[in-house]
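Have a look at the structure below, then the notes.
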Amino acid sequence: MNRPEPDRSAELSHSPTSVDPSHSPEPPAPSGNPTPPTPRVPLHLRLRRNRGRLLRRSLAALLVLVVTLCTAAVVAYRMTDIPEPHPETVTQSTVFVDDKGSYLGRRGPVDRQEVALSQVPRYVQDAVIAAENRTFRTDDGVSPRAIARAVLASLTGGERQGGSTITQQYVKNALLSPEQSLSRKAREALIAIKLDRTRSKDTILEGYLNTVYFGRGSAGIEAASRNYFGVDTRQLTVSQGAALASIVNIPSYYEKAGSDPEVTATLRARWVWVLDAMAASGSITAKQRADASFPAFRFYPPGTTEGQRQYMIDVAAQEAADRLGITEDQLARGGYTVHTTFDLSLQDATTEAVKDLKGGKSGKGSKGVTLHAAVVAIAPGDGAVRLLYGGSDYARQPFNDAVGGAVEAGTALDPFNKVRPSGPLGALRKTAAPTPLKLASAYAAVAASGVYAAPYTVTRITRDGRQVYTAHPHTQRVLDKKEVFMVDQQMLTAYEQAAPSIQAVPSTSADGSVPRTFFTAGAGGGITRRTVWSTGLDPQLALTVALFADRPGKKKNTTAPAQLPNDPPPTDSAAQTAAQIWQLAITGAKKG
């Protein structure tokens, strides 16, 4: 039977635990055993416990960073275009060579001519690769190590770093500005990689060889070959190619090789290093390495005759531009090779022969009188100008006395007095002041049995290996055989009546066909000589030497004829100089 629970409310009201609101509670008694604080877990233990989580988070962050960088690189690569070369890196100069192909000079803002890689001997290509970038054939166009060095140098303010690949150097030289910054270096690397993936190694190497600077004002290997060794690129030897490859490292320093002993010795050591690398890689054979000898360099800076050659280049450039139907400025920038009629060895020998003319060097005489000499030599029946001496100093006097000097004729054309020549020769007789070039061409017609040939200085013009112009002599008969004989006799008579001192050469050519004759005449007489001409001729050559003088005119920038010095007699000087140059020409022709 269930019994009801007893009522315990009274007990609860008197319980010791009940609270009497009329009394304040007693504070609890202090405990003798307080609860200790929770100990702090050491850092290494906490890291050990969370290592897995931290590692996962770090890997995730690194992955995000790598993905971001790769994405940025891919986007940057795709957005990077390969720029066109700078205009100055594709501008070419025009080169002038003499009748044997020897370098005469150039015209143009930059001394550069492009050559196809096929025109560069393989051992020259390998020499450049050995000197500048030995992994060129196999790399991706960049050198990570070099880029890292450049970045570190930029961040720390250190010295600028090199060591770029050939591809990077080409990008830097031809496609980008020379600015040194991280952004430009990064763009250089991107373009180099893209260039390496889209162009062949041969194309890149060709562009590099045609733009890299070699010193001596030479941009590209063709200009360097001429300026250092006087040959075309395809004619370079193993030793010469290794020397040019060695120069690329510090071109402004090495350009004095051959004239500065210290520079030459330093370059020689680098040259040995390049050749040894080529032999080690198999680019050249052991025999080629053993046979290699340090090459001889053209002297630098050039001598005084270099400036004198500008007279010839002036004339040839004007003629070449006219034949091509372009301006001289277009010619200078067009990358042409102009093959001239000039004999450079004879030209240089003439320059030396004329130095001491008239008993003293050409130049200022007494009372402001300036002495002049002009020398012209022409091939009879053809018109090719073999020699053109227009003055002693082009820098001081750019005016060409040989083609522009209006010199008093006087008695210079007396042998033609008894004949009636036609064409250009007939017009010349009416000229009171012919140029030395025109006078030489007139007597060349006598040497060619009455056939006049218009003088010319350009035989052919080539560009990129193609011939774009070929000269054809323009001739016409101006004297019949009887008239030629009469002019000949007049010259012989004058020669036989001349003083013994000017009879310097035989009067008959070796084959006896046409007399080898020297005729000396001029304007004025005795101590009042103002102009002296001396002309010699045979079937191979017609040579004219002209001496004259001028002084400042009454009006500004004008001149007036002046008397030639009479000690020694100017007729003797002219004839003897003509005979000396004639002998130089004949000797050179026999050697040729």
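Atoms considered below: every heavy atom in the structure, side chains included; atoms not considered: hydrogens, waters and symmetry mates.
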request  = List in chain and number order the residues that pass side-chain contact (heavy atoms from CB on, under 4.5 Å) with Glu114, two or more places apart in sequence or in another chain; answer none if no residue qualifies.
outcome  = Gln92, Arg112, Asn210

request  = Go through the structure and list residues passing side-chain contact (heavy atoms from CB on, under 4.5 Å) with Ala412, not counting sequence neighbours.
outcome  = Leu439, Trp533

request  = May I ask you to check whether Phe416 and Tyr443 place their ring centers less than 6.0 Å from one another?
outcome  = yes

task = Drop me the distance from Thr577's OG1 to Leu547's CG, to the nearest 0.5 angstrom.
result = 6.5 Å

Do any N or O atoms from the side chain of [X] and from the backbone of [Y] form a donor-acceptor pair under 3.5 angstrom?
X	Y	answer
Arg298	Arg226	yes
Gln119	Ala116	no
Thr94	Tyr336	yes
Asn173	Thr211	no
Tyr103	Asp98	no
Glu222	Thr233	yes
Thr531	Gly522	no
Thr341	Arg386	no
Thr91	Pro87	yes
Trp271	Ala242	no

request  = Could you name each residue pair satisfying salt bridge (charged side-chain N to carboxylate O under 4.0 Å, His left out) that touches residues 397-425, not counting sequence neighbours?
outcome  = Glu408-Arg530

query = Going by the salt bridge (charged side-chain N to carboxylate O under 4.0 Å, His left out) test, which pairs reach into residues 460-476, not counting sequence neighbours?
reply = none

Within 6.0 Å of CZ in Phe294, more than 12 heavy atoms from elsewhere = yes

Gln318, CD: over 12 other non-hydrogen atoms inside 6.0 angstrom = no

For Leu387, the option from Leu543, Thr544, Leu541 that meets side-chain contact (heavy atoms from CB on, under 4.5 Å) = Leu543

ask   = With sequence neighbours left out, which residue pairs that include part of residues 423-432 fulfil the side chain to side chain donor-acceptor pair (under 3.5 Å) condition?
value = none

message = The test is side-chain contact (heavy atoms from CB on, under 4.5 Å); show your working for Leu244 and Ser225 and say whether it passes.
response = CA-CA 8 Å; Leu244 288 182; Ser225 300; 3.9 Å; yes

Donor-acceptor pair between [X] and [Y] side chains, under 3.5 angstrom:
X	Y	answer
Arg551	Gln563	no
Asn227	Ser218	yes
Tyr394	Asn400	no

inquiry  = List the residues meeting salt bridge (Lys or Arg N to Asp or Glu O under 4.0 Å) with Asp329, not counting sequence neighbours, and say none if there are none.
reply    = Arg333

ask   = Closest heavy-atom contact between Arg477 and Ser422?
value = O-OG, 3.7 Å

